[in-house]
Enquirer: 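Below is a structure I'd like to ask you about.
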Amino acid sequence: MDIESVKKFLEKEGGNYESTVDSMAARFIEPFVSHGIKIDLIEPGRLLCSFHVPPRLVNAGNFLHGGATATLVDILGSAVIFTVGRLALTGVSVEISVSYLDAAYVGEEIEVEAKVLRVGKAIAAVTVELRKKKTGKIVAQGRHTKYLAINSKL
C-alpha cells in the first residue's frame, strides 16, 4: 500500500461516516461497547457477565474487534474494583494487556469474568477473561492495572 492510500485509510474525511461521527455524544465509547451486557453474578472481587457479539463491534474479518475487546477489559476491569468497596472512582489505567486467543463472531454468546487480584492503597490489579459461553473456549485474556486516587488528609 502506498503512503497516500495509508493516509486516506486513516483520515476518513468526507466519507459516509463523517456526519455520524461528528454527531456522537461526548464519552460515547463506553456505552457503545458495553450496551447489551447482562450481569450474571456479582460479588466482592468478582464479576461474571455475558453478551451476544453485536454487528457494531466486529472488524473487517467479521469477528469481535480487538479494540472492543480491550475496551471491555478496561470497563469491566474498572467495574470489578467497585465491588470491593474501595472507592467511588477507580482512578486511571496504568497498563492494559490483552492476549487474543480465538475469534468470536456476530451473535455468539460471550461470558466475561473479571476478578480482582489486588487492591492496595495506590494500585489495583485485575484480570478479565472472555470465553465462548457454549464451549468455554477462551477468546481473550486481559490484565488491567489502575492507579487509584489517594484521598487527601487535608
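What you see is a predicted model; the values in this text were computed from it and never measured.
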Enquirer: So do the side chains of Val126 and Leu117 get within less than 4.5 Å of each other, counting heavy atoms only?
Expert: no
Enquirer: Which hydrophobic side chains are connected to Phe63, either touching it within the sub-4.5 Å cutoff or through other members that do?
Expert: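 Direct or chained contacts put Phe63 with Tyr105.
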Enquirer: Among all residues two or more places apart in sequence or in another chain, which pass the side-chain hydrogen bond (donor to acceptor under 3.5 Å, both in side chains) test with Ser5?
Expert: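 For Ser5, the residues satisfying side-chain hydrogen bond (donor to acceptor under 3.5 Å, both in side chains) (neighbours in sequence not counted) are Asp2.
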Enquirer: Listing request: all salt bridge (Lys or Arg N to Asp or Glu O under 4.0 Å) pairs with a residue in residues 92-103, at least two apart in sequence or in separate chains.
Expert: Asp102-Lys132, Asp102-Lys137
Enquirer: Using every non-hydrogen atom in the two residues, find where Ala140 and Val98 come nearest and quote the distance to one decimal.
Expert: CB-CG1, 4.0 Å
Enquirer: Excluding sequence neighbours, so at least two apart, what forms side-chain contact (heavy atoms from CB on, under 4.5 Å) with Ile3?
Expert: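 So Ile3 forms no side-chain contact (heavy atoms from CB on, under 4.5 Å) with any residue.
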Enquirer: Tell me who clusters with Leu48, hydrophobic residues only, linked when side chains sit under 4.5 Å apart either directly or through other members.
Expert: Leu41
Enquirer: Could you tell me which residues satisfy side-chain contact (heavy atoms from CB on, under 4.5 Å) with Ser99, sequence neighbours excluded, listed by chain and number?
Expert: Leu101
Enquirer: Per the salt bridge (Lys or Arg N to Asp or Glu O under 4.0 Å) rule, what does the pair list look like for residues 47-62, sequence neighbours excluded?
Expert: none
Enquirer: Once salt bridge (charged side-chain N to carboxylate O under 4.0 Å, His left out) is applied, do any residues pair with Arg46, and if so which ones, sequence neighbours excluded?
Expert: Glu43, Glu113
Enquirer: What pairs with Gln141 under side-chain hydrogen bond (donor to acceptor under 3.5 Å, both in side chains), at least two apart in sequence or on another chain?
Expert: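 Listed in chain order: Glu129.
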Enquirer: Ignoring hydrogens, what is the shortest heavy-atom contact between Tyr147 and Val94? Give both atom names and the distance.
Expert: N-CG2, 3.4 Å
Enquirer: Throw together a table of side-chain donor-acceptor distances under 3.5 angstrom for residues 68-77, partners on residues two or more places apart or in other chains.
Expert:
from  : atom 1 : to    : atom 2 : distance (Å)
Thr69 : OG1    : His65 : O      : 3.1
Thr71 : OG1    : Gly67 : O      : 2.8

Enquirer: Output all residues satisfying side-chain contact (heavy atoms from CB on, under 4.5 Å) with Ala104, sequence neighbours left out; order by chain, then residue number.
Expert: Val53, Leu64, Glu108, Ile110, Val139
Enquirer: Which heavy atom of His52 sits nearest to which heavy atom of Gly107, and what is that distance?
Expert: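 That would be CD2-O, 3.2 Å.
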Enquirer: Give every residue pair that meets the side-chain hydrogen bond (donor to acceptor under 3.5 Å, both in side chains) criterion with at least one member in residues 33-42, sequence neighbours excluded.
Expert: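 Qualifying pairs, neighbours excluded: Asp40-Ser50.
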